[in-house]
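Here's the structure, in structure tokens; my notes come after.
All values below come from the heavy atoms of this structure, side chains included, with hydrogens, waters and symmetry mates left out. Sequence lines set the chain letters: A, B, ... in the order given, protein chains first and strands last, and positions in each chain run from 1.
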Amino acid sequence: MKIAKVIVDIPLMQTDKAFSYLVPTDLENLVAIGMRVHVPFGKGNRLVQGIIIDFEDTKNLAEADKQMSLSVPMSKISENLKEIAEVLDLEPVLTEEQLWLADEMRHSVFSYKISCLKAMLPSLLNSSYDKLLTAANGDESYWSQLTENEKINVMKQVKSGEMTVTYIAKSKENKKVIKFLSVINREKLKNLEISKAAKKREECRQYLLELNGKISQKDFPFSREVMKYFIDNDFLEISEVETSRTQSVFDAIHFDEAKELNDEQMLAFQTIITSSEKPYLLEGITGSGKTEVYLQVIEHFLKKGKTAIMLVPEISLTPQITNRFIARFGEKVAIMHSGLSDGEKYDEWRKIRSGKARVVVGARSAIFAPMENIGVIIIDEEHETSYKQDSNPRYHARDLALLRAKFHDACLVLGSATPSLESRARAMRGVYQLLRLTKRANTSALLPEVKIVDMREQINDKSANFSTLLLDKMREKLEKHEQIILMLNRRGYSSFVMCRECGYVVECPNCDISLTLHMDTRTLNCHYCGHQEAIPQLCPNCQSRKIRYYGSGTQKIQEELAELLPEARVLRMDVDTTKTKNAHEKILNKFSSYEADILLGTQMIAKGLDFPNVTLVGVINADTGLNLPDFRASERSFQLLMQVAGRAGRADKKGEVLIQTFNPRHYAIQLAQEQDYEKFYEREMNFRRTLSYPPYYFTVQVLVSHKNKEVVVKKSYEIASLLRANLSEKAKILGPTARPIARTHNLYHYQILVKYRFEDDLEATLNQVLDLTQERENKDLRIMIDSEPQNFV
DNA sequence: AGATAGCCGTAC
DNA sequence: TACGGCTATCTC
């Protein structure tokens, strides 16, 4: 008798443990750890998906009985176990390493085991359920397709026995296949009588007789009717071959050879490949050729028969980057990013799982790629906050990369022009080995000249957004037929609707935030809860007609540009213009083929783009991110400015950068102008030390939410005192305080921040805090725990 | 989550 | 006392 330990797919505290199920005898040799199963669960024995994480041997149970002499022997209990209803996989979808990783993850993410496991699977493999309802007369209907009223009606009928229910767990899995045609009965085909009128059929016969092997249905050079004729008469056979949905990308790529490394790059490369003992922090200024180092390191490990994972921030996972990897490694590359459909993601996942892909390039979740024999893991732009997931299993890709690298004895490379203070501090302490690239790889490319424009002196000018200097520079570049990138810091600049008469701003009824204007749908939307309403004609407060739109930052700037520089061709890139698939790529292609003079956009244009003809970068508002109530505000601003400055002068033309700001004396802006990471690091570390923030202290945030404000306040104070009681004197507990946006989704949010260095009881205490939601009086209370939170706003 | 056992209130 | 709704409890 074989007993499987199954984690069921019900993300709840009460079900967050392994349940034991009997493996039916005929499946005994088929099941394995890491497979998905359907198991009967609860009183109604409804089918629930689960994942086998272990087996229990009944032999051991018998032995345990002997030793422990329990009142109810373990082997007896096993008789009452339910059986696994169905095995969903022919081979495990999770590797043993991934199961181990999920265990490790749980110490820091304060989430359910099943959530950790599911984060590692492509969403297509997370099947959904439906109920099939059968009426007495045999009519069938699906629960999911009923209206609310019908559901109530059906429930009554089910209760009275007029209808029966069957649970069906439908798996969304689907594989894309290519249909191939191959000729059969070739001899007969030669003698087939075809009427003289059927010229196409005759033509097709000749074609088929000469055809060697298979041809895909898509490429078959005859019409469907002709094809059908030969199929129906048994001369053609259709076979299906599984394929990858992203296959087509590979067809258009030109292969690319390794470039020669300069001495700095070579040193970095040599150091990385010689040892995997410590993680490396590769600190290289923009344009210093980090990517080429990555490519050659990966190549090195591929030659040794190993595999590689390359993480890139989602936002810079542009074709410009991915194509470089595909060009170097061809079909050995799998790409994982959110732009892919579920089907495409599944295809890439299978390509990895089967071992066909040896290099994975992807965003955060690609750290879970089921690779074997990993030689190197690279995290580019390691300071990016998008490596930390800001929902459910709140993992940081960097932490998991450390674990996986250790597991595989692989190299870990963290690369950045402006490393996070955490990583840089570790490098200083010798936890990471620091490698530097200080020269631009293209030696003729000079570092851009950066100027600060004090916007306080511009108050009386015509435009509030453009300084005279920036406008002059732009005119100059336009005349020289050079291109310009303009960046607008989106934060704090979103569009809203305000009454000019009384100052009323339309706010979300569920959240304490003004609604954002969406010109494309002509609605006001809430970015937090999704609430949507029409744009009012009259002010809802004073009935005045003087209600005015304050269009999206970028939109507004675009309009202004049209007035100030009517001759300039402007491309806008922001959330609105990149909604559709590949829109991102199209805009960039247009800009690189010089169909526009100015690329105007939000932070998304700061990352990794390389346009040789761009000689001017203008930052319209450098400060909006600076004054946010977040201790990383300066770090973020500095990193962003450094990054966007790197977009200028990538080739032999000298680049210029203009930073417009109301805080010209702020160190983040000053040091970005000087392009001096070292100084910034020192300065910022000082600040972090004085205020006991990371990297000197670790942080954990506890977020408490409830629809009633008094309850949140009361409960969060209770939690804070629980923390104070259980943690040492040295831990600093901040709060509770209301979140910057105190109410969203009709819930009030309060937060507590714990700063600590060594707290042995922290994990246990935080789990205790989570347990509070289990008490009946706290039923509607939501508690979220975020270790090392990245965003406080 | 979702089914159920147990508890209390009201209608007959 | 019978039925219905509501809540606490458990799920191998």
For atom CZ of Phe41(A) and atom C1' of dT4(B), their distance in whole Å:
14 Å

Set out, in order, the CA-CA distance, both residues' side-chain angles and the distance that settles side chain to side chain donor-acceptor pair (under 3.5 Å) for Glu763(A) and His107(A), then state yes or no.
CA-CA 7 Å; Glu763(A) 197 185 325; His107(A) 296 298; 3.1 Å; yes

Length of the CG-P vector between Leu47(A) and dA3(B), whole Å:
12 Å

Just verifying a value: how many Å separate Glu56(A) CD and Met1(A) CE, rounded to the nearest 0.5 Å?
10.5 Å

For Lys43(A) and dT4(B), give me the distance from atom NZ to atom C1', rounded to whole Å.
5 Å

Nearest-Å distance, NZ (Lys17(A)) to P (dC10(C))?
10 Å

Can you spot which of Val8(A), Leu88(A), Leu94(A) makes a side chain to side chain contact (heavy atoms under 4.5 Å, CB included) with Ile51(A)?
Leu94(A)

Rounded to the nearest Å, what distance is computed from the CG atom of residue Asn45(A) to the P atom of nucleotide dA1(B)?
20 Å

Once you round it to whole Å, what is the distance between C1' of dC12(C) and NZ of Lys113(A)?
16 Å

Between atom CG in Asp780(A) and atom P in dA8(C), what is the gap in whole Å?
12 Å

More than 12 heavy atoms of other residues, nucleotides or ligands under 6.0 Å from NZ of Lys755(A): yes or no?
yes

Whole angstroms only, please: what is the CG-C1' distance between Leu12(A) and dT11(C)?
11 Å

N/O donor-acceptor pair, side chain Arg46(A) with base dA1(B), under 3.5 angstrom:
yes

